[in-house]
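Residue numbering restarts at 1 for every chain, and letters A, B, ... go by the order of the sequence lines.
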Number of protein chains: 2
Amino acid sequence: MRIGELAAQAGMTRDTIRFYEKVGLVQGRRLPNGYRDFPPETVAWLHYVRTAQTLGFSLAEIARTGEELREHPDTAEALSALFEEKIHVVDARMAELAALRDELAARVGTGCPLRAAQG
Amino acid sequence: MRIGELAAQAGMTRDTIRFYEKVGLVQGRRLPNGYRDFPPETVAWLHYVRTAQTLGFSLAEIARTGEELREHPDTAEALSALFEEKIHVVDARMAELAALRDELAARVGTGCPLRAAQG
DNA sequence: CTTGACCTTGGACCGTACTCCACTGTTTAG
DNA sequence: CTAAACAGTGGAGTACGGTCCAAGGTCAAG
């Protein structure tokens with residue numbers, strides 16, 4: 001799969017994918033003519049990248065996950081540990097969101113929400 | 001309250017607060033000598049800013065909320081609408097997180113999570 | 001009346017994550 | 001064979017969110 005098709009399927013530009021390659025988020029083989037060649041699973045990986053990113057993980061963090069996955073490709077334990085760690089992060093974020101939600105909900109319908117709180 | 005104390009209480013640097021003033025996130029009166037003077041509620045506002053920020057809202061979005069609050073300081077309905085909107089955003093984000101969490105949890109303990117998904 | 005802590009401004013700089021551009025090479029369709 | 005559509009490179013530029021610094025003003029304590 002060449003970069004154009006990958007870009008279309010992953011919903012990003014070629015430039016973004018080249019940038020991701022530069023920072024180690026994706027790796028492509030090269031065809032004899034120099035064109036990048038990606039396996040089809042890269043689409044799923046890039047979708048995962050987008051998701052993780054919108055949830056607040058930096059590209060560096062995401063790349064690290066990818067690397068660890070590459071380093072321990074057959075150690076189910078290492079992977080489980082990695083994902084459990086991510087789950088804790090996600091849980092913490094969800095708790096924060098729930099708190100904010102409650103805070104917001106509590107103010108709905110009251111007379112003077114946050115009014116005094118914005119210098 | 002001068003900038004140094006505000007910075008200490010809000011857990012950020014003076015430079016950050018000056019930057020926030022520049023982009024309209026906070027407004028300070030000036031003392032006769034030119035020093036900024038903030039009301040004590042600014043501390044709460046800055047804490048709110050930090051929270052909203054870690055939850056993925058940009059400074060521009062947060063500033064817009066603050067502005068709308070300033071424009072309709074006595075319209076309970078407008079405020080309620082604003083917060084309800086925020087709550088929807090938060091709910092959407094939480095749903096995304098829950099999906100990611102499930103995805104991660106499903107892979108824990110399985111033999112080959114994501115392995116094929118990182119070109 | 002000086003020292004030190006605090007404040008002011010403007011502007012340079014940084015890291016992250018792209019985005020665009022010019023110029024060039026390759027492949028494909030008519 | 002040519003034109004369009006695709007690919008490559010390097011480098012500049014952008015937006016966001018700060019962070020640091022130099023040069024200087026203000027103020028309370030000794």
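B:Y35 and B:V43 are members of different hydrophobic clusters when ILVMFWY side chains are connected at heavy-atom separations under 4.5 Å.
As judged by a 4.0 angstrom heavy-atom cut-off over every strand, B:R36 is placed among residues touching the sugar-phosphate backbone only. A:R2 comes within contact range of the sugar-phosphate backbone alone, with a heavy-atom separation under 4.0 Å but no base atom that close. Looking at heavy-atom distances under 4.0 Å, A:S58 makes contact with sugar-phosphate atoms alone, never a base.
Scanning all heavy atoms of the two residues, the minimum distance from B:A63 to B:G24 falls at CB-O, 4.3 Å. Annotation for B:Y48 and B:I62: closest pair CE2-CG2, 4.3 Å, computed over non-hydrogen atoms.
Within residues 5-12 of chain B, no residue has any heavy atom closer than 4.0 Å to DNA chain D.
Scanning DNA chain C 5' to 3' for nucleotides with an atom closer than 4.0 angstrom to a non-hydrogen atom of chain B gives a first and last hit of C:dC6 to C:dT9. First and last contacts of DNA chain D with chain A, using any nucleotide atom under 4.0 Å from a protein heavy atom and ordered 5' to 3', fall at D:dC6 to D:dT9.
Put simply, the residue from B:R36, B:R14, B:R29 that forms a salt bridge (charged side-chain N to carboxylate O under 4.0 Å, His left out) with B:E21 is B:R36.
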Donor-acceptor pairs under 3.5 Å, side chain of residues 1-9 of chain A to any protein atom, not counting sequence neighbours: which ones?
| from | atom 1 | to | atom 2 | distance (Å) |
| --- | --- | --- | --- | --- |
| A:E5 | OE2 | A:Q9 | NE2 | 3.1 |

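Within the 4.5 Å cutoff, the side chain of A:T65 has no heavy atoms near those of the A:F57 side chain.
In this structure, the side-chain contact (heavy atoms from CB on, under 4.5 Å) partners of A:Y20, at least two apart in sequence or on a different chain, are A:M12, A:T16, A:L25, A:V26, A:L46, A:V49, A:R50, A:Q53, A:L59. The salt bridge (charged side-chain N to carboxylate O under 4.0 Å, His left out) check on A:R18 picks up A:D15, with sequence neighbours excluded.
Between B:D15 and A:R14, it is A:R14 whose nearest contact on DNA chain D lies nearer the 5' terminus. Closest-nucleotide positions on DNA chain D for A:N33 and B:N33 were compared, and the one nearer the 5' end corresponds to A:N33.
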